[in-house]
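Since the structure comes first, as structure tokens, the remarks are kept for the end.
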Amino acid sequence: MRTKQFKSESKKLMDMMINSIYTHKEIFLRELISNASDALDKLYFRSLTDTNVGIAPEDFEIRLEIDKDARTLKIIDNGCGMTEDELDTNLGTIAKSGSQAFRAENEKTENVDIIGQFGVGFYSAFMVSDCVTVESRAYGSDSAYRWKSTGADGYTIEPCDKETVGTVVTLHIKEKTEDENYDEYLDQYRISALVKKYSDYIRHPIKMEFTTKEPIEGKENEYKDVTEIRTLNSMVPLWKKAKNEIKPEEYNAFYKEKYYDYNDPARVIHFKTEGQATYSALLFVPKQPPFDYYTKEYEKGLQLYSKGVLIMEKCGDLLPDHFSFVKGLVDSEDLSLNISREMLQHDNQLKLIAKTLEKKIKNELEKMLKDEREAYEEFFKSFGIQLKFGVYNDYGVHKDSLKDLLLFRSSNEKKYVTFKEYTERMKEGQDTVYYACGETDDKIDMLPQADILRDKGYEFLYLTENVDEFAIKMLGEYDGKKFVNICDDKLDLDSEEEKKKLESENESAKDMFGFMKESIGDKVNAVRFTNKLKKHPVCLTSEGGISLEMEKVLNSMPGAEQNRVKAQLVLEINANHPIAEKLKTLYADDKDTLAKFAKLLYGEACLIGGTGVADPVEHSNLVCELMTK
Ligand code: ADP
């Protein structure tokens with residue numbers, strides 16, 4: 001018998017497999033089962049029109065056999081089989097799938113990844129075996145052939161005996177090494193788990209003889225072996241069933257088992273499309289974020305199947321970042337089983353799918369907001385921050401699509417409102433959406449400006465998360481209504497008359513304010529009177545784009561030490577508070593004390609604003625000094 005040589009590319013690929021240090025060698029089983037399943041499909045389809053095939057639809061099956069002593073694992077199918085020629089060309093030459101990995105290897109992309117995500121077809125068997133035998137009898141042929149190879153040196157083909165049509169792939173499993181426990185591929189539990197993991201939804205049964213120990217009746221501590229044939233895969237994927245045939249419990253159980261959640265999902269999205277892209281999608285919106293959700297370790301993505309076979313555990317390209325909390329899977333009819341990661345990224349089918357998914361998720365959330373307000377608010381508590389990041393990220397390209405999904409608590413009832421609800425119930429003539437920033441709602445309520453808004457009957461939104469104001473600034477406006485921070489110096493609630501009065505008061509106190517600003521130093525840009533305050537004597541407002549709250553957030557970010565931002569602050573003094581008169585008197589009689597007052601008032605404003613005073617000792621000394629005067 002002559003030893004044939006692999007074609008040169010195949011030989012290289014074989015080398016790659018044999019010497020692979022890839023840690024997920026387990027995928028070889030998925031590859032071989034999927035080949036067997038394809039072979040079953042071919043004969044099955046033929047049997048639909050050709051009665052000579054003589055196999056009932058339910059009799060098409062894949063069998064796995066483990067022989068620990070012989071160190072063999074067999075993958076047996078009664079599919080279409082291969083002729084001598086086919087054995088030679090199909091297994092001697094690099095196949096479709098292999099060529100992709102091969103190309104990737106030549107282009108020096110990471111082969112390790114390619115192997116893991118997409119496999120390399122039949123040759124992956126050599127990652128775990130030192131000898132592979134394929135005995136096959138093609139449908140319609142009387143003779144069977146044995147293909148055998150121990151590695152890159154080549155392969156032999158010889159006639160053999162085989163009673164039935166189909167293929168037996170026998171893997172002689174490598175000896176255990178220090179780094180790799182190949183023995184696990186001879187363990188029935190491990191093999192069964194691998195089938196569940198990768199091939200659960202193969203539509204033909206995958207059967208294996210299972211041996212378990214059962215106690216012998218009447219004899220203590222004595223056991224006998226009991227063997228039974230088990231079907232390892234569940235065959236019909238849930239997502240392929242008709243929606244009206246699936247009970248909510250089934251969705252929930254599937255979700256919890258597959259995505260390791262204790263809770264039922266908040267929402268299930270299940271649909272099939274045909275046409276431009278043919279695929280099924282089954283998506284879940286979780287109730288609670290997983291523990292690592294808001295960390296760098298969290299990886300978004302959906303499982304990607306090609307005709308029921310898992311080809312990628314986490315396909316990140318299928319989900320936009322703002323919906324990264326969505327779990328689930330896509331099963332495509334159009335993707336090849338062995339498409340590489342690089343190719344996937346550029347795959348138009350995939351882009352099309354991703355686009356539709358984004359739309360579907362958004363619609364579902366909108367529906368939830370409309371019909372199940374309470375559930376939506378719960379969802380928003382878990383993932384609202386992610387949506388707000390979505391508004392802010394990528395220079396705001398998603399802001400319009402996401403803005404109506406946002407909720408903020410408002411001063412009216414301390415309940416969540418949408419921008420739409422806010423703008424629809426705005427006061428007549430109001431052209432602004434007011435918001436206030438702070439650590440908590442309570443702290444915001446203590447802001448001097450909050451009083452005056454409430455007094456004048458304006459509703460405002462509470463922004464208590466770091467991302468909030470950045471998202472709001474990115475939006476800029478809603479439905480033509482500007483967003484205004486109530487602590488912004490541009491907050492304008494006065495009538496024309498009030499404005500004029502204030503202007504003249506400020507004008508006449510100009511020199512005094514100049515003096516006060518000098519006393520405080522460059523911590524403030526200016527000092528002036530305001531009508532914004534009701535009972536409070538002072539407040540700080542910011543000019544320009546950066547608010548005090550943003551200053552706090554930006555300066556707390558890693559790396560901010562070198563590049564600190566500064567809000568441009570104005571110390572505003574309540575023109576209607578007794579302090580106004582007091583200041584004027586001091587300016588005339590006692591400038592020394594006025595300088596101290598200026599510093600103190602600045603300190604007060606800092607305390608009220610929530611930033612604290614920079615020098616508490618100086619501040620309290622000043623207070624005491626004036627107390628004892
Ligand atoms: P791919 O599955 O991507 O084509 P493989 O290297 O896995 O690449 O397989 C090469 C070819 O060998 C298959 O396309 C198929 O024609 C044939 N083949 C492999 N396994 C079987 C099998 N169990 N029964 C029949 N044909 C098979």
Side-chain angles (χ1 to χ4, degrees), residues 6-7 9-18 20 27-47 53 55 60-65 73-105 114-115 117-129 132-141 144-149 152 155 157 160 162 164-171 198-199 202-207 306-311 335-340 343:
F6 287 106
K7 302 274 178 321
E9 286 193 343
S10 310
K11 191 167 155 27
K12 278 192 207 161
L13 184 64
M14 287 277 288
D15 272 334
M16 210 173 113
M17 288 300 103
I18 293 163
S20 165
I27 56 105
F28 77 92
L29 190 61
R30 169 191 84 174
E31 298 295 310
L32 297 180
I33 286 177
S34 146
N35 280 350
S37 173
D38 288 347
L40 290 173
D41 277 345
K42 278 184 201 154
L43 196 56
Y44 167 80
F45 285 122
R46 184 167 187 146
S47 75
V53 173
I55 303 177
F60 287 97
E61 62 174 36
I62 297 167
R63 285 188 72 126
L64 304 180
E65 279 180 21
L73 169 64
K74 292 188 179 184
I75 296 99
I76 304 164
D77 69 72
N78 54 347
C80 63
M82 284 175 274
T83 62
E84 183 181 12
D85 261 6
E86 284 167 338
L87 279 170
D88 194 17
T89 44
N90 291 348
L91 306 184
T93 328
I94 197 159
K96 256 194 334 253
S97 51
S99 48
Q100 223 137 62
F102 181 75
R103 205 177 317 133
E105 168 68 5
I114 303 266
I115 297 169
Q117 297 298 341
F118 310 108
V120 284
F122 172 74
Y123 289 145
S124 61
F126 287 94
M127 288 197 292
V128 300
S129 350
V132 178
T133 314
V134 181
E135 289 162 318
S136 197
R137 183 171 148 188
Y139 174 73
S141 159
Y145 292 87
R146 177 185 301 123
W147 179 102
K148 188 172 177 181
S149 171
Y155 58 92
I157 297 178
C160 70
K162 191 174 184 315
T164 51
V165 168
T167 303
V168 180
V169 177
T170 306
L171 309 181
Y198 293 108
S199 315
I202 292 282
R203 56 190 208 95
H204 305 284
I206 303 169
K207 296 181 177 171
S306 153
K307 299 186 200 83
V309 182
L310 180 67
I311 59 173
L335 289 174
S336 141
L337 177 61
N338 291 304
I339 185 166
S340 80
M343 306 245 324

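Start at 1 and go down the list; that is how both ligands and their atoms are numbered.
With sequence neighbours left out, Ala125 forms a side chain to side chain contact (heavy atoms under 4.5 Å, CB included) with Leu32, Ser129, Val132, Leu171. The side chain to side chain donor-acceptor pair (under 3.5 Å) check on Asp85 picks up nothing, with sequence neighbours excluded.
For ligand 1, one of its N or O atoms has an N or O atom of Asn35 under 3.5 Å away. Residue Leu91 places no N or O, backbone or side chain, under 3.5 Å from any N or O of ligand 1. At least one N/O-N/O distance between Asp77 and ligand 1 falls below 3.5 Å.
Of all the atoms in ligand 1, the ones that sit under 4.0 Å from a non-hydrogen atom of Phe122 are 5 (P), 6 (O), 7 (O).
Ligand 1 has no atom lying under 4.0 Å from any heavy atom of Glu31.
Note that OG1 of Thr167 and CH2 of Trp147 are 12.5 Å apart. Values are rounded to the nearest 0.5 Å.
Listed for the Glu86 side chain is a donor-acceptor partner under 3.5 Å among the backbone atoms of Thr83.
Contacts with ligand 1 closer than 4.0 Å are made by no heavy atom of Val169, backbone or side chain. Under 4.0 angstrom from ligand 1, the non-hydrogen atoms of Asn90 come from both its backbone and its side chain.
By the 4.0 Å N-to-carboxylate-O rule, Glu61 lies close enough to Lys207 to be salt-bridged with it.
Between His204 and Asp77, every side-chain heavy-atom pair lies at or beyond the 4.5 Å cut-off.
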